[in-house]
There are 2 protein chains.
Amino acid sequence: MALVSENLTKNQKTVLGVLENSSEPMKAYTILYDIQKKGIKSPLQVYRALDKLIEIGKVHKIESRNSYVACKHEGCNAKTSTSFLICEKCDNVTELIGNNLFSYFSKQADKNNFKYNKHCLEIFGLCENCKLKN
Amino acid sequence: MALVSENLTKNQKTVLGVLENSSEPMKAYTILYDIQKKGIKSPLQVYRALDKLIEIGKVHKIESRNSYVACKHEGCNAKTSTSFLICEKCDNVTELIGNNLFSYFSKQADKNNFKYNKHCLEIFGLCENCKLKN
DNA sequence: TGGTGTAATGTTATAATATTACATTTTGAA
DNA sequence: TTCAAAATGTAATATTATAACATTACACCA
């Protein structure tokens with residue numbers, strides 16, 4: 001199976017490229033300003049690309065910040081669910097992966113007679129670097 | 001110690017009242033339309049009341065939906081952290097309570113050398129009623 | 001009692017985030 | 001080749017949230 005990114009369209013590749021080269025999450029309009037020279041003129045073009053990239057799991061949205069990050073994990077299965085560690089001091093974001101959050105949340109949901117489908121988890125605090133500086 | 005709600009101002013009481021009488025989370029502008037007859041005319045008045053209510057833990061924000069809910073738990077300690085079960089079919093929202101999430105997330109964060117401070121968790125799926133109807 | 005400082009309020013304007021609507025073009029499979 | 005689905009382009013607008021600044025309410029206490 002070919003890499004998903006080989007199937008991306010021009011706009012999608014452009015948007016993903018900007019996100020992959022960013023060390024931080026980016027907002028939709030920041031992305032837009034960054035790529036206007038590449039022929040993308042309207043917010044909608046960015047949002048459409050983001051929608052697709054999120055759908056295939058190459059990009060995740062950080063809900064509490066209205067920001068978007070490229071996923072660094074090949075074949076990330078977080079197409080729907082996301083789990084982040086967000087540094088309140090430097091805004092650095094790390095994705096939690098490959099853990100048992102799914103089963104843990106399923107159990108929590110069960111206790112409430114709720115059928116788990118997906119989740120978004122955002123943990124705020126201090127990243128390794130900022131902890132040391134304090 | 002007196003109930004916190006006794007110290008609320010007029011606008012804060014008005015906004016909290018609307019939320020407490022709603023069976024669902026409400027958006028800021030929906031709240032605004034609902035209470036314009038009570039003398040609140042501008043978005044800012046609603047947002048300011050919401051900010052305060054969130055600060056004291058009487059209201060929580062659902063980040064993924066830009067919506068707000070009154071907290072039903074007396075003396076809710078979720079002044080900063082929130083955990084919700086959100087039904088994808090009927091939009092019903094239930095708050096998860098109990099603090100075992102805190103310790104679980106702290107551990108997850110530790111593994112990444114991250115200092116936990118607070119979190120927001122939104123679990124999507126089917127509530128009890130909607131599960132049965134399916 | 002009146003001054004003082006803080007919090008809350010009122011009002012207008014505007015910023016920031018996201019979607020609708022609709023016409024057109026590209027793409028890829030039958 | 002043809003046709004439908006997906007993607008694109010463009011303008012307008014909807015939705016969510018904050019900035020800026022003038023004014024008012026109220027607790028505290030000299």
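We name chains A, B, ... by the order of the sequence lines, and we start the count at 1 in each one.
Judged by ring centres under 5.5 Å apart and planes tilted less than 30 degrees, B:Y29 fails to stack against the six-membered base ring of D:dT15. A distance cut-off of 5.5 Å between ring centres, combined with a plane angle under 30°, leaves B:Y47 outside any stacking arrangement with the base of D:dT18.
Distance, A:R65 CZ to C:dA16 C1': 16 Å, rounded to whole Å. Atom CD1 in A:I31 sits about 10 Å away from atom P in C:dA18, given to the nearest Å. The distance between atom OH of B:Y33 and atom P of D:dA14, rounded to the nearest whole Å, is 10 Å. The NZ atom of B:K41 sits 16 Å away from the C1' atom of C:dA13 (whole-angstrom rounding). Rounded to a whole Å, the CD atom of A:Q36 is 13 Å from the P atom of D:dG9. Between the CG atom of B:N11 and the P atom of C:dA7 there is a distance of 17 Å, rounded to whole Å. One interatomic measurement links the two molecules: CD of A:Q12 to C1' of D:dA7, which rounds to 8 Å at whole-angstrom precision. Rounded to whole Å, the distance from CG on B:L44 to C1' on C:dA8 is 11 Å.
The nearest heavy atom of DNA chain D to B:R48 and to B:K61 marks one nucleotide each, and the one closer to the 5' end goes with B:K61.
Counting only heavy atoms from C-beta outward, the side chains of A:I62 and A:E122 approach each other to under 4.5 Å.
Screening A:H119, A:E95, A:H60 for a side-chain hydrogen bond (donor to acceptor under 3.5 Å, both in side chains) involving A:S83 leaves a single residue, A:H119.
OP1 or OP2 of C:dG10 sits under 4.0 Å from a side-chain N or O of B:Q45. Contact check, A:N66 against C:dA16: no side-chain N or O comes under 4.0 Å of OP1 or OP2. Put simply, B:K27 has a side-chain N or O that comes within less than 4.0 Å of OP1 or OP2 on D:dT16.
Using a 4.0 Å heavy-atom criterion, one finds that A:T9 contacts the sugar-phosphate atoms exclusively.
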Intermediate values then yes/no, ring-ring contact (aromatic ring centres under 6.0 Å, His included), A:Y116 and A:F102: CA-CA 9 Å; A:Y116 172 96; A:F102 159 76; 5.3 Å; yes
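If you check D:dT8, C:dA18, C:dT19 against the side chain of A:Y68, the one that comes closest is C:dA18.
With no hydrogens or angles considered, a side-chain donor-acceptor pair links B:E88 and A:N117 at under 3.5 Å.
In terms of modelled atom types and a separation under 3.5 Å, the side chain of A:Q45 and the main chain of A:K41 share a donor-acceptor contact.
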